[in-house]
Amino acid sequence: EDQVTQSPEALRLQEGESSSLNCSYTVSGLRGLFWYRQDPGKGPEFLFTLYSAGEEKEKERLKATLTKKESFLHITAPKPEDSATYLCAVQELRGGATNKLIFGTGTLLAVQP
Amino acid sequence: EAGVAQSPRYKIIEKRQSVAFWCNPISGHATLYWYQQILGQGPKLLIQFQNNGVVDDSQLPKDRFSAERLKGVDSTLKIQPAKLEDSAVYLCASSRTSGGASEQYFGPGTRLTVT
């Protein structure tokens with residue numbers, strides 16, 4: 001069964017204190033791995049798509065990396081406005097047009113000034 | 001470019017009542033999704049439409065949930081009758097295409113409370 005596990009469940013950082021969030025996955029074949037940010041009371045906001053092991057993508061203070069079994073979201077010198085829940089999702093490589101995303105439960109990040 | 005629109009934003013109903021949610025996707029997006037997000041969990045796909053046809057409804061509880069996208073644009077998700085365990089945020093998302101790893105863009109969601 002396809003599974004996505006995120007760790008830690010919650011993370012508290014001081015402003016400027018860099019860290020990483022982990023997403024481990026088990027799928028029969030990976031079409032893509034997605035990172036989203038979700039603020040309270042809002043829908044998930046798309047951040048990155050990664051397709052193959054070794055791929056990296058960056059956006060401001062965020063950098064996402066991918067291996068064959070896990071992905072990391074590195075946060076460099078975070079600011080309070082980076083506080084949110086970060087969701088990881090995978091899309092399985094399968095026939096047909098289904099685009100089902102399988103989400104993890106997320107990491108709740110709090111950055112204190 | 002306008003984002004995905006959903007209404008209402010909040011709804012409180014009693015169990016066994018019915019409720020409907022509306023979604024308008026991003027202009028030009030052929031694929032529309034409904035997800036259910038229970039508090040503390042990640043979203044779970046309920047149904048995927050490609051234009052006005054159903055692509056995947058394998059996780060939709062069809063005895064009480066129904067969805068339609070009659071003209072290939074707006075969509076409605078209905079629950080009848082509602083149960084306590086249906087309390088969740090219902091998220092609508094859209095993407096340009098299906099069948100590939102295209103990004104899905106989410107609306108703000110409708111928070112449903114069943115009492």
Side-chain angles (χ1 to χ4, degrees), chain A residues 1-10 21 23-25 27 29-52 55 57 59 64 66 71 84-108, chain B residues 1 3-10 21 23-26 29-60 88-111:
Chain A
E1 181 179 327
D2 299 340
Q3 286 196 353
V4 179
T5 303
Q6 293 188 246
S7 62
E9 290 186 4
L21 312 182
C23 171
S24 61
Y25 62 92
V27 292
L30 182 69
R31 176 184 284 168
L33 184 141
F34 300 78
W35 282 98
Y36 284 85
R37 167 189 172 132
Q38 187 171 27
D39 292 295
K42 296 188 176 182
E45 174 189 348
F46 171 75
L47 293 174
F48 304 108
T49 308
L50 301 167
Y51 297 97
S52 57
E55 188 174 4
K57 289 193 176 175
K59 179 180 179 180
L66 181 65
S71 176
T85 295
Y86 290 85
L87 294 166
C88 170
V90 299
Q91 197 173 74
E92 188 182 4
L93 184 65
R94 60 167 66 178
T98 181
N99 277 16
K100 179 174 67 176
L101 290 177
I102 302 167
F103 280 88
T105 55
T107 293
L108 176 61
Chain B
E1 179 179 73
V4 176
Q6 291 187 247
S7 68
R9 292 296 315 278
Y10 306 93
F21 313 126
C23 172
N24 182 250
I26 294 173
H29 281 194
T31 310
L32 184 147
Y33 315 80
W34 285 101
Y35 284 84
Q36 179 193 58
Q37 186 174 25
I38 294 173
L39 186 65
Q41 299 182 17
K44 182 184 82 171
L45 180 70
L46 293 175
I47 189 167
Q48 175 187 338
F49 290 96
Q50 172 71 16
N51 295 311
N52 61 350
V54 175
V55 174
D56 184 352
D57 63 356
S58 58
Q59 298 184 103
L60 185 73
V89 175
Y90 290 85
L91 295 162
C92 180
S94 69
S95 65
R96 288 193 177 279
T97 61
S98 63
S102 59
E103 294 83 18
Q104 298 179 23
Y105 296 91
F106 286 81
T110 297
R111 181 176 297 276

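Residue numbering restarts at 1 for every chain, and letters A, B, ... go by the order of the sequence lines. None of the values given here were measured: they were computed from a predicted structure.
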Tightest non-hydrogen contact, residues A:Leu87 and B:Pro43, listed as CD1-CD, 4.1 Å
B:Leu91 and A:Pro44 have their tightest heavy-atom pair at CD1-CD, 3.9 Å
Tightest non-hydrogen contact, residues A:Thr98 and B:Asp56, listed as OG1-OD2, 2.9 Å
Residues at least two apart in sequence or cross-chain that pass ring-ring contact (aromatic ring centres under 6.0 Å, His included) with B:Phe106, listed by chain then number, are A:Tyr36, B:Tyr35
Okay, A:Leu101 and chain B: the region with an atom under 4.5 Å from a heavy atom over there is both
Donor-acceptor pair, B:Glu103 side chain versus A:Thr49 backbone, under 3.5 Å? no
If one checks every heavy atom of A:Glu9 against chain B at 4.5 Å, the contacting part turns out to be neither
Would you say that more than 12 heavy atoms from the other residues, nucleotides or ligands in this model lie under 6.0 Å from the NZ of A:Lys42, or not? no
Most heavy-atom pairs under 4.5 Å with chain A, out of B:Lys44, B:Arg111, B:Gln37, belong to B:Gln37
